[in-house]
*Asks:* 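If you scroll down you'll find the structure; I have some questions about it.
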Amino acid sequence: MNLCVFSGNSLQGRVSLPGDKSISHRAALFTALAEGESYLDNFPDCGVSRVMLAALRTLQVAWELDGSTLRVYGRGLEGLVPPNGVIDCGNSATTMRLLAGALAAAGIPAILDGSQGLQRRPMGRIVMPLRAMGVAVDAHQGSINEKHLTAPLRFAGRSPGTKLRSIDTRLEVASAQVKTCLLLAALAADAPSVICEPDVSRDHTERMLRFMDVEVHSEFIGTELLYAVKLFPSSVPALRPVSFSIPGDISSAAFLIVAALITPGSNITIKDILLNPTRTGLLDALISMGADIDITPAGELNGEPYGEVKVRHCPLRGIQINGSKVVRMIDEFPAFSIAAAFAEGESKVSEAQELRL
């Protein structure tokens with residue numbers, strides 16, 4: 001059999017993308033915890049969103065997906081119903097960690113499990129602080145080291161009206177998933193909670209909670225420049241139902257951006273794309289490589305910056321990436337690796353140990 005490979009044409013035109021998956025994940029869950037109907041436009045119908053929606057239905061949260069518009073009938077923080085069976089999180093660690101925080105706040109018995117791949121992901125980083133807050137949760141002991149706790153996670157629930165203990169903790173690794181889990185649990189705490197990170201992870205949770213009328217403060221503190229998030233639970237936690245459009249997914253845009261940069265004659269514009277500074281590390285890295293990229297902010301959607309990105313083909317040069325930029329482009333390294341392969345010179349990434357997990 002002969003195989004013929006033909007060169008492609010240049011990329012030309014304007015495009016809009018489905019909603020950002022990280023925001024959509026949170027929006028579906030947070031509106032389920034709100035009291036009343038919420039409407040989410042440009043909601044992506046993809047693997048991870050389907051897993052989250054299926055989990056919400058298991059918790060008796062009603063929703064309707066009509067094209068790219070999701071309507072969620074929120075039950076409130078204390079309205080989730082204990083599931084009849086195991087909640088399957090598929091291969092999504094984000095789903096498991098976010099749901100863990102919601103279940104901790106709701107105080108209902110439930111079991112979270114998933115694929116064999118997900119069962120290898122570390123869950124001690126959420127289990128241990130949740131236990132410190134008074135959450136009765138068991139996990140599989142992956143090794144002698146308690147930090148190697150893995151799924152399935154079994155929540156025993158607690159008596160109605162019982163509050164969790166507030167927490168003041170420092171995460172060893174900047175992680176938006178862990179931070180979100182603890183912030184959701186803190187909604188049911190008896191006092192304000194403080195969560196510190198060694199760097200700034202994506203802040204969609206803080207932005208969305210503020211948009212839903214939860215008091216959340218974020219700041220750099222101390223000589224170590226720790227990033228701290230402080231949440232103030234109300235006496236009767238109630239998230240406000242919302243209606244908003246989700247900006248385009250910047251992780252999906254990464255592949256189009258790199259394709260345009262390395263394909264001669266290309267000139268594309270990506271409209272209504274997420275421009276949250278905690279997620280634009282790839283754009284910064286590519287610009288450092290000499291990329292011909294123009295970024296035009298357009299304002300905010302539900303507290304999230306968005307705008308337009310224009311990309312034209314041009315030569316690239318190798319760079320070194322480390323520190324906070326790694327955290328800000330943690331999902332985009334597959335696309336970055338293609339750009340680095342086409343660049344002139346060596347590119348080196350360090351301080352990216354989180355990718356091994």
Side-chain angles (χ1 to χ4, degrees), residues 26 29-36 59 61 74-83 87 96-112 123-139 146-147 149 153-172 174-197 201 203-219 221-222 226-242:
R26 288 159 173 78
L29 177 58
F30 292 11
T31 54
L33 301 177
E35 296 182 355
L59 295 167
V61 176
R75 299 184 62 96
L77 194 62
E78 299 177 352
L80 300 184
V81 178
I87 299 177
M96 178 168 286
R97 288 168 179 155
L98 268 58
L99 280 173
L103 293 174
I108 62 172
I111 300 174
L112 298 177
M123 293 296 158
R125 56 179 65 182
I126 63 170
V127 170
M128 302 310 293
L130 287 177
R131 286 175 178 172
M133 299 178 75
V135 179
V137 53
D138 289 327
E146 63 185 10
K147 293 182 180 180
L149 297 175
L153 306 182
R154 295 178 172 85
F155 292 81
R158 63 179 184 279
S159 302
T162 304
K163 292 287 187 180
L164 295 177
R165 293 186 291 272
S166 61
I167 193 170
D168 188 337
T169 187
R170 174 178 175 176
L171 307 184
E172 293 183 5
S175 169
Q177 295 177 13
V178 176
K179 177 176 61 177
T180 299
C181 173
L182 300 183
L183 285 174
L184 289 177
L187 290 171
D190 55 6
S193 293
V194 178
I195 302 164
C196 295
E197 296 185 289
S201 63
D203 63 353
H204 304 309
T205 294
E206 298 96 297
R207 290 174 182 266
M208 194 171 297
L209 287 176
R210 293 189 194 105
F211 192 71
M212 300 177 79
D213 292 343
V214 177
E215 188 177 358
V216 184
H217 296 171
S218 304
E219 61 180 342
I221 60 172
L226 293 177
Y227 176 71
V229 178
K230 188 174 186 179
L231 181 142
F232 297 81
S234 61
S235 57
V236 182
L239 302 182
R240 176 177 64 88
V242 294

*Asks:* State the CD-OG1 distance between Gln177 and Thr205, to the nearest 0.5 angstrom.
*Replies:*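 Output value for this atom pair is 10.0 Å.
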*Asks:* Do His204 and Thr180 have side chains that approach each other closer than 4.5 Å (heavy atoms only, starting at C-beta)?
*Replies:*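 His204 does not reach Thr180 side chain to side chain.
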*Asks:* Assess the residue pair Leu239 and Leu77 against the criterion (side-chain contact (heavy atoms from CB on, under 4.5 Å)); give the C-alpha distance rounded to whole Å, side-chain angles, the decisive distance to 0.1 Å, and a yes or no.
*Replies:* CA-CA 8 Å; Leu239 302 182; Leu77 194 62; 5.8 Å; no
*Asks:* Excluding sequence neighbours, so at least two apart, what forms side-chain contact (heavy atoms from CB on, under 4.5 Å) with Arg158?
*Replies:* Thr162, Leu164, Ala188
*Asks:* Restricting to non-hydrogen atoms, name the atom on Ala100 and the atom on Ile126 that form the minimum distance, rounded to 0.1 Å.
*Replies:*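 The answer is CB-CD1, 3.8 Å.
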*Asks:* Tell me which one of Glu206, Met208, Lys230, Arg207 satisfies side chain to side chain contact (heavy atoms under 4.5 Å, CB included) with Val216.
*Replies:*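 The passing option is Glu206.
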*Asks:* What pairs with Ser193 under side-chain hydrogen bond (donor to acceptor under 3.5 Å, both in side chains), at least two apart in sequence or on another chain?
*Replies:* none
*Asks:* Calculate, to the nearest 0.5 Å, the distance between atoms CG and CZ belonging to Asp138 and Phe155 respectively.
*Replies:* 10.0 Å
*Asks:* Looking only at the side chains, is there a donor atom on one of Ser201 and Lys179 sitting less than 3.5 Å from an acceptor on the other?
*Replies:* yes
*Asks:* Is it true that a side-chain atom of Glu197 and a backbone atom of Ser175 form a donor plus acceptor pair closer than 3.5 Å?
*Replies:* yes
*Asks:* If you look at every heavy atom in Leu130 and Ala185, which pair is closest and at what distance?
*Replies:*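 Taking every non-hydrogen atom into account, CD2-CB, 3.7 Å.
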*Asks:* Quick one: CG on Leu226 to CD on Glu219, what's the gap to the nearest 0.5 Å?
*Replies:* 11.0 Å
*Asks:* Are Ser218 and Arg210 side-chain neighbours, meaning at least one heavy-atom pair lies under 4.5 Å?
*Replies:*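 The answer is yes, as the side chains (C-beta and beyond) meet within the 4.5 Å cut-off.
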*Asks:* Measure across Pro83 and Pro109 and return the closest heavy-atom pair with its distance rounded to 0.1 Å.
*Replies:* CD-O, 3.5 Å
*Asks:* What pair of heavy atoms forms the shortest contact from Arg75 to Leu59, and how long is it?
*Replies:*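 So the two residues come closest at CD-O, 4.2 Å.
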*Asks:* Rounded to the nearest 0.5 Å, how far apart are CE of Met212 and CD of Glu35?
*Replies:*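 Answer rounded to 0.5 Å: 10.5 Å.
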*Asks:* Does Arg131 use its side chain to pair, donor to acceptor, with the backbone of Val137 at less than 3.5 Å?
*Replies:* yes
*Asks:* Is there a side-chain contact between Leu33 and Val61 (heavy atoms, below 4.5 Å)?
*Replies:*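 No, too far: nothing below the 4.5 Å cut-off.
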*Asks:* For Arg240, check salt bridge (charged side-chain N to carboxylate O under 4.0 Å, His left out) against everything at least two apart and list the hits.
*Replies:*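 In terms of salt bridge (charged side-chain N to carboxylate O under 4.0 Å, His left out), with neighbours along the sequence ignored, Arg240 is linked to Asp213.
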*Asks:* In Å and rounded to the nearest 0.5 Å, what is the CG to OG1 distance from Leu29 to Thr31?
*Replies:*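 Here the interatomic distance stands at 8.0 Å.
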*Asks:* Please give me the minimum heavy-atom distance between Pro233 and Ala189, naming the atom from each residue.
*Replies:*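 That closest heavy-atom pairing would be CG-O, 3.6 Å.
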*Asks:* State which residue, out of Leu209, Asp203, Leu183, Val194, fulfils the side chain to side chain contact (heavy atoms under 4.5 Å, CB included) condition with Val229.
*Replies:* Leu183
*Asks:* Quick one: closest heavy-atom pair of Leu184 and Ala105, and the distance?
*Replies:*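 What the structure gives for the nearest pair is O-CB, 3.3 Å.
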*Asks:* Just how far is it from atom CG of Leu103 to atom CG of Leu98, taken to the nearest 0.5 Å?
*Replies:*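 Leu103 CG to Leu98 CG: 11.0 Å, rounded to 0.5 Å.
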